Amino acid sequence: MKAVGYQKSLPIEDPSSLIDFETAKPEPKGRDIRVAVKAISANPVDYKVRKRAAPSAGETKVLGYDAAGIVDAIGSDVTLFKPGDEVFYAGSIQRQGTNSEFHLVDERIVGRKPKTLSFAQAAALPLTSITAWELLFDRLGAVPGKSLDPRTLLITGGAGGVGSILIQLARRLTGLTVVATATRPESQQWCLDLGAHAVIDHARPMKEQIEKLKVPPVGLVASLTFTDQHYKSIADFMAPQGKFGLIDDPPEFTVSAFKGKAISIHWESMFTRSSFQTPDMIAQHNLLNDVADLIDKGVLRTTLDQTFGIINAANLKRAHALLESGKSRGKIVLEGW
């Protein structure tokens, strides 16, 4: 089968940073299903792993976590899917990735593909949907339901992949006031179109902008990017006893900034359940099915922004380069072989 991978951690400009190669089609066992991959999307985790996790000598590591495709074969213990089922999922960081024609994945972290979306539109959703859902409901403890919640949720980096789905979830499934941050006019409009009540510019002092909006107290914060640059100023205007959640890898982060207000800190990693085989691992199967239902009912929409052509090394290099620039909006998808 065809696949795209890398053998050394190299800058994306290097011709060998990502390579096209062929490898054996994997065979499913146990609770694994084999998926014929139709479309994938690129995420910041792809380039972060490429930069810091060099494979062993002589091996080629396949990246990619988001995928949409068709179940091709199943392991002996599979009960949730059968060959021919259309699925979408975000894979495991501990296994070979989805940038391959066929891919093995544990059925417990796979959902049914939304019926109303193409494979490309569906591939944009899994990783960011899981991250946003777990961050909002499991980590920050937001309450599903449209009853008024007297708090504001601040989402920094609202136009990115996770922010684009988090805005929708918070606006359509909770009673929170949703304020996103973005710097460029087109990114600010993107956030508003997705449902944010207001957008502020995180390149300028945020406290004054929040005060000018006259929104409810900022009790919840989803810090999605550049946490090290913003967390101290955010701690200054957050409501006491609030919750601060983050997903990035800040080079500097001191929790004492939040101590006086008894603000709790919450890390979100959507790979935790699959990495540690937690007893509630099937929660991601259920979560993705819920997302598919919400998509098909018109409550949520895909966050696909750009399609970069077929799945190959050249197109994936373009995707990695754009993600590394920090100027991407929504999701980048590649489709077909």
Side-chain angles (χ1 to χ4, degrees), residues 40-49 63-68 88-94 97-98 105 108-111 122-142 144 153-174 176 178 180-181 191 194-196 220-227 243-250 265-276 278 280-292 294-295 300-305 323 326 328-333:
I40 58 101
S41 75
N43 293 282
V45 66
D46 296 59
Y47 75 75
K48 291 176 182 178
V49 171
L63 293 170
Y65 303 99
D66 276 332
F88 73 147
Y89 61 94
S92 165
I93 203 164
Q94 297 188 329
T98 56
V105 61
R108 290 171 289 179
I109 58 173
V110 178
L125 288 166
L127 186 146
T128 52
S129 294
I130 295 169
T131 301
W133 189 292
E134 290 183 350
L135 179 59
L136 183 62
F137 296 119
D138 297 351
R139 313 295 171 233
L140 295 179
L153 166 67
L154 177 68
I155 303 171
T156 63
V162 174
S164 293
I165 197 74
L166 183 55
I167 290 170
Q168 296 184 72
L169 291 174
R171 183 64 195 271
R172 291 172 176 80
L173 301 185
T174 79
L176 290 160
V178 182
T181 80
C191 293
L194 289 170
L220 303 178
V221 171
S223 183
L224 307 181
T225 185
F226 300 119
T227 293
K243 295 183 178 183
F244 183 95
L246 64 160
I247 66 170
D248 60 342
D249 304 291
I265 311 301
H266 303 263
W267 291 93
E268 161 57 19
S269 171
M270 58 79 54
F271 293 118
T272 296
R273 282 174 161 136
S274 58
S275 294
F276 293 93
T278 60
D280 67 345
M281 188 167 151
I282 201 167
Q284 291 189 345
H285 163 76
N286 297 328
L287 186 166
L288 286 172
N289 282 345
D290 286 343
V291 169
L294 290 167
I295 289 282
L300 302 177
R301 76 179 211 200
T302 183
T303 53
L304 172 78
D305 184 53
L323 289 170
S328 63
R329 183 182 69 176
K331 292 298 296 292
I332 305 162
V333 170

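Bear in mind that the values here come from a model prediction, so they are computed numbers and not experimental data. Atoms considered below: every heavy atom in the structure, side chains included; atoms not considered: hydrogens, waters and symmetry mates.
- Looking at heavy atoms from C-beta onward, V162 lies in side-chain contact with I247 at the 4.5 angstrom threshold.
- In this structure, the side chains of D290 and W133 come closer than 4.5 Å at one or more pairs of heavy atoms.
- Residues passing the salt bridge (charged side-chain N to carboxylate O under 4.0 Å, His left out) test with D305 are R329, sequence neighbours excluded.
- Summarising the geometry of G111 relative to N289, their closest heavy-atom pair is CA-OD1, 3.5 Å, with the distance given to 0.1 Å.
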Working for side chain to side chain contact (heavy atoms under 4.5 Å, CB included), residues E134 and Q284: CA-CA 9 Å; E134 290 183 350; Q284 291 189 345; 2.9 Å; yes
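- Across every non-hydrogen atom of D248 and S223, the tightest pair is OD1-O, 4.1 Å.
- Looking at Y89 and I109, their side chains never come closer than 4.5 Å, going by heavy atoms from C-beta outward.
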message: Does T303 form a side chain to side chain contact (heavy atoms under 4.5 Å, CB included) with Q168? I'd like the steps, not just the answer.
response: CA-CA 10 Å; T303 53; Q168 296 184 72; 3.6 Å; yes
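- The CD1 atom of I155 sits 3.5 Å away from atom CG of L166, with the distance rounded to the nearest 0.5 Å.
- Of the possible polar contacts, one joining the S164 side chain to the A159 backbone as a donor-acceptor pair under 3.5 Å is found.
- Inter-residue side-chain proximity for N43 and K331 is flagged as met; some heavy-atom pair is nearer than 4.5 Å.
- Counting all heavy atoms, side chain and backbone alike, A123 lies closest to A68 at N-CB, 3.9 Å.
- Of all the heavy atoms in Q94 and S275, the pair that sits closest is OE1-O, 3.4 Å.
- In this view, R139 and E268 satisfy the side chain to side chain donor-acceptor pair (under 3.5 Å) rule, not counting sequence neighbours.
- For the pair L246 and I265, the minimum side-chain heavy-atom distance is below 4.5 Å.
- Heavy-atom neighbours of F226 CZ from other residues, nucleotides or ligands within 6.0 Å: at or below the threshold of 12.
- Within the 3.5 Å criterion, the main-chain N or O of L127 finds a donor-acceptor partner in the side chain of D66.
- Minimum interatomic distance between L288 and V110 (heavy atoms only, all atoms of both residues): CD1-C, 4.2 Å.
- Here the CZ atom belonging to R172 is positioned 8.0 Å from the CZ atom belonging to R301, to the nearest 0.5 angstrom.
- The closest side-chain heavy-atom distance from Y65 to L63 is below 4.5 Å.
- Here the side chains of L125 and T302 are in contact, with some heavy-atom distance below 4.5 Å.
- To the nearest 0.5 angstrom, H285 atom NE2 is 12.0 Å from I130 atom CD1.
- We find the CZ-OG1 distance between F88 and T98 to be 14.0 Å, quoted to the nearest 0.5 Å.
- Distance check: R171 CZ to L194 CG gives 11.5 Å after rounding to the nearest 0.5 Å.
- Proximity of a side-chain donor or acceptor of T174 to a complementary backbone N or O of P144 within less than 3.5 Å is not detected.
- Residues L176 and L136 have side chains in contact (heavy-atom distance under 4.5 Å, counting atoms from C-beta outward).
- Across L169 and S129, no two heavy atoms sit closer than the pair CD1-O, 4.5 Å.
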- request: May I have the step-by-step check of side chain to side chain contact (heavy atoms under 4.5 Å, CB included) for D46 and L323, ending in yes or no?
  value: CA-CA 9 Å; D46 296 59; L323 289 170; 5.6 Å; no
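- Expressed to the nearest 0.5 Å, how far OG1 of T131 lies from CG of L224 amounts to 9.5 Å.
- With hydrogens and angles ignored, the 3.5 Å screen pairs a side-chain donor or acceptor of S274 with a backbone N or O of F271.
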